[in-house]
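Structure first, then comments.
Predicted model, so just to flag it, every value in this text is computed and none were measured.
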Amino acid sequence: MDREGSHTVAVKRPAAHLAAESDPELADEQVDPDVVTRKLNNHLVPWLFSLGVLCYLDRTNLSFAALELNRDLGLTCSTYGLGAALFFVSYALFQMPSTMICARLGAPTWLSANIVAWGAVACLFAAANSVPAFLALRFLLGATESAAFPGMWYHLSLFYPADTSEPGHSGAAPTGLGAAYAKVASCTALAQVLGAPLAAAILTMDGLAGLRGWQWLFLLEGAATVVFGAVLRFALAPSPAKARMLTHAEREWLVERQARAAARQGTAGGSGGREGGGGGMLAALKRPLAVVRDWRMLWMAGCWLLVAAVIFGMTFFMPLLVAAMFSEGGSLISGGAGSAHHGGCSGGGHSGAPTAADQRRTVLVALASAIPFIAAAVGMNINARLAERANERHRHAGVPILLASATLAVTPLALRFVGPGLAFTCLSLAAGFCWSFHGPFFSWPAVFLSGEQAAAGFAFINSVGAVGGFIGPFLLGRLSDRADGGFTAAMVMLACFLGASGTCLLLFPAPGHRPSEGGRDKERPSDDGSSHAILPHGGLGADGAEEEGVPLAGGSSSGEHAGWGSAAAVADEEHPPWRQQQREQQMERLRGVGSSSGRSLSRKGSRGDLEFQPILPAAGQRSA
């Protein structure tokens with residue numbers, strides 16, 4: 001920055017250049033955080049998204065097969081709902097053990113083994129010829145799929161920070177765990193979008209080689225999963241240190257960033273998620289299981305249980321709901337004329353060869369069932385980005401769930417008083433609102449947990465949510481049978497579940513944001529309970545000491561030390577460039593201020609970044 005008379009000529013220097021000046025060893029090889037994030041997004045997200053799509057195709061292709069399967073095996077709504085629900089019994093039982101094994105063996109190895117196993121089980125459904133065989137295979141499929149989503153979440157947590165307060169990021173791509181997981185989790189909706197036309201096409205193969213259309217559906221989709229599992233073992237990067245799509249300098253930077261993020265959250269081994277130290281196997285088991293006693297995890301698990309009941313109820317019954325909605329007699333409201341055919345659950349003992357009209361109707365219903373899930377996929381990604389930019393989770397998770405509750409509750413009324421068009425629109429909006437809470441909700445545990453504890457916390461929430469996965473389809477089936485094939489009572493019940501969950505999310509006492517994110521809070525608590533005022537336009541108040549215009553940076557681009565990291569990044573973008581020089585001059589003066597107020601400035605890490613490190617009080621003095 002040069003001065004000419006009384007005027008200041010400002011030269012804005014990127015964070016990477018400042019880091020290189022403070023550490024000459026980096027002058028030749030600089031790391032751009034945006035480039036690293038883009039490479040991670042291009043490698044991890046497509047592979048894990050594809051894994052999630054196959055997972056949900058094999059899990060939920062039953063909903064499309066049911067249009068023929070229920071008739072062939074003579075399944076009532078209750079039996080079909082029980083089969084859909086049994087998946088979640090074994091899914092819940094095996095989820096936490098599978099996730100802990102995944103954290104030890106690594107996602108590529110463990111996930112690949114599980115993928116091949118569940119693909120083989122999916123193929124076996126083609127041989128199901130009785131109710132007991134159908135129920136047993138659903139239980140076995142849940143056990144083999146139990147590691148999938150917790151394993152994907154854990155693997156993403158090795159590469160992405162839970163917060164997004166990273167100086168140097170332009171915001172062009174999602175930088176945090178929440179946005180990355182939302183992109184992967186959008187497969188839960190897009191699997192149905194892709195699965196609907198795929199199922200419609202495969203069901204037209206009815207009679208080929210003597211097999212029914214639903215048998216071909218299970219065989220082809222299960223075989224694709226087996227092949228994908230074998231490929232994933234060698235294609236997926238196992239850890240930041242072994243990420244071949246990154247340069248050597250980028251790998252070192254990423255490992256250091258994740259390690260600092262884990263250290264900030266109070267756990268060791270952030271780069272690999274394998275916590276070091278003694279204690280043996282017993283200690284290794286106790287650390288993840290400690291999350292079960294965390295009231296925040298119990299609260300979130302309860303909320304997810306209620307939402308999961310709705311999501312999985314809609315997922316497994318969507319084609320049946322659509323068929324009932326557009327059937328003659330409107331069997332969404334009551335059994336009516338349609339319940340003996342495609343209304344209700346298409347079964348109740350109806351047998352005989354399907355006609356050409358039946359096959360045409362089956363294909364149209366399968367295609368129409370994709371529309372609510374298109375709305376769900378769009379809602380998930382939009383809301384995840386909005387939540388990340390606003391650094392807020394309470395409203396971005398709770399409000400969509402309340403909106404879903406309202407639209408789902410009025411769906412039967414819209415069908416009764418207006419017609420199937422409006423009812424189908426309400427059902428699609430309900431799906432869009434309901435699915436959109438995934439990003440802000442599932443990034444929440446990583447705010448206060450990391451490493452194996454974060455993975456175990458996610459698995460615990462998912463395990464409890466699996467109970468909802470059992471409740472939703474089972475109650476939908478039971479209530480439909482009691483209403484002679486109508487779904488009105490079941491939909492009102494699901495709306496009540498969403499209303500309760502949305503209210504609990506809005507009232508969740510735990511913070512839903514990182515104090516450092518956004519860089520706009522005027523006052524933030526420090527680790528030792530004292531107050532520091534970070535004023536974007538000047539001022540650091542610490543125990544009465546005050547300096548002008550000094551947002552303190554904690555790490556060049558990792559956002560470590562919540563409360564400090566992002567303030568400098570936001571100041572760089574939102575305030576005049578001359579304040580950069582003012583900050584640099586005052587950082588030197590802060591060495592004295594830090595010493596006199598019981599704090600110290602230290603240089604840490606290979607990038608030579610300054611960190612503001614509070615000196616912790618004696619044991620027993622730390623604020624709760």
Side-chain angles (χ1 to χ4, degrees), residues 53-77 79-81 83-84 87 118-131 133-138 141 191-227 315-327 338-373 473 477:
V53 167
L54 289 173
C55 178
Y56 258 70
L57 283 178
D58 290 332
R59 181 187 304 185
T60 63
N61 56 12
L62 176 65
S63 64
F64 299 106
L67 297 171
E68 294 180 351
L69 173 70
N70 289 0
R71 183 170 53 236
D72 288 354
L73 297 186
L75 303 182
T76 64
C77 284
T79 306
Y80 170 75
F87 170 94
W118 96 54
V121 172
C123 290
L124 289 176
F125 272 91
N129 57 5
S130 65
V131 172
F134 166 69
L135 297 179
L137 286 172
R138 287 296 296 175
L141 185 67
Q192 299 297 91
V193 175
L194 300 174
L198 181 62
I202 295 176
L203 288 173
T204 61
M205 298 172 61
D206 187 62
L208 183 64
L211 298 178
R212 298 281 282 126
W214 61 267
Q215 291 176 305
W216 279 113
L217 183 64
F218 288 125
L219 278 174
L220 294 180
E221 292 186 354
T225 300
V226 172
V227 174
T315 297
F316 284 106
F317 277 82
M318 185 64 76
L320 300 175
L321 287 171
V322 173
M325 192 176 291
F326 288 96
S327 66
S339 62
H341 190 57
H342 274 288
C345 288
S346 303
H350 176 78
S351 59
T355 65
D358 291 337
Q359 292 182 343
R360 238 184 349 261
R361 184 182 182 83
T362 297
V363 170
L364 290 175
V365 167
L367 291 174
S369 299
I371 295 175
F373 295 105

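How far OG1 of T315 is from CG of L62: 11.5 Å, rounded to the nearest 0.5 Å. In this structure, CD in Q215 is found 11.5 Å from CE in M205, a value given to the nearest 0.5 Å. The CG atom of N61 sits 8.0 Å away from the CZ atom of F125 when rounded to the nearest 0.5 Å. The CG atom of D206 sits 9.5 Å away from atom CG of L211, with the distance rounded to the nearest 0.5 Å. Atom CG of L320 and atom CG of L67 lie 6.0 Å apart (nearest 0.5 Å). Separating the CG atom in L198 from the CG atom in L57 is a distance of 6.5 Å, to the nearest 0.5 Å.
Here the closest heavy-atom approach between residue V322 and residue S369 is recorded as CG2-OG, 4.0 Å. Nearest heavy-atom pair, G222 versus C123, reported as atom, atom and distance to 0.1 Å: C-SG, 3.5 Å. Across all non-hydrogen atoms, the minimal contact from R59 to R138 is O-NH1, 3.1 Å. Minimum interatomic distance between Y56 and A191 (heavy atoms only, all atoms of both residues): CB-CB, 3.5 Å. Here the shortest heavy-atom pairing between W214 and A128 reads CH2-O, 3.5 Å. The minimum heavy-atom distance between L137 and L124, with the atom names listed, is CD1-O, 3.6 Å.
With hydrogens and angles disregarded, a donor-acceptor distance shorter than 3.5 Å links the side chain of W216 to the backbone of L208.
Outside the 6.0 Å centre-distance limit, the rings of Y80 and F316 are not counted as a close aromatic pair.
Residues satisfying the ring pair (Phe, Tyr, Trp, His ring centres under 6.0 Å) test with F373, not counting sequence neighbours, are W435. For T60, the side chain to side chain donor-acceptor pair (under 3.5 Å) test picks out Q192, with sequence neighbours left out. Annotation: side chain to side chain contact (heavy atoms under 4.5 Å, CB included) contacts of V131 (sequence neighbours excluded): L75, T79, L135. For A200, the side chain to side chain contact (heavy atoms under 4.5 Å, CB included) partners two or more places apart in sequence, or in a different chain, are V363, A366, L367. Annotation: ring pair (Phe, Tyr, Trp, His ring centres under 6.0 Å) contacts of F64 (sequence neighbours excluded): none. Not counting sequence neighbours, the partners of T225 by the side chain to side chain donor-acceptor pair (under 3.5 Å) test are D58.
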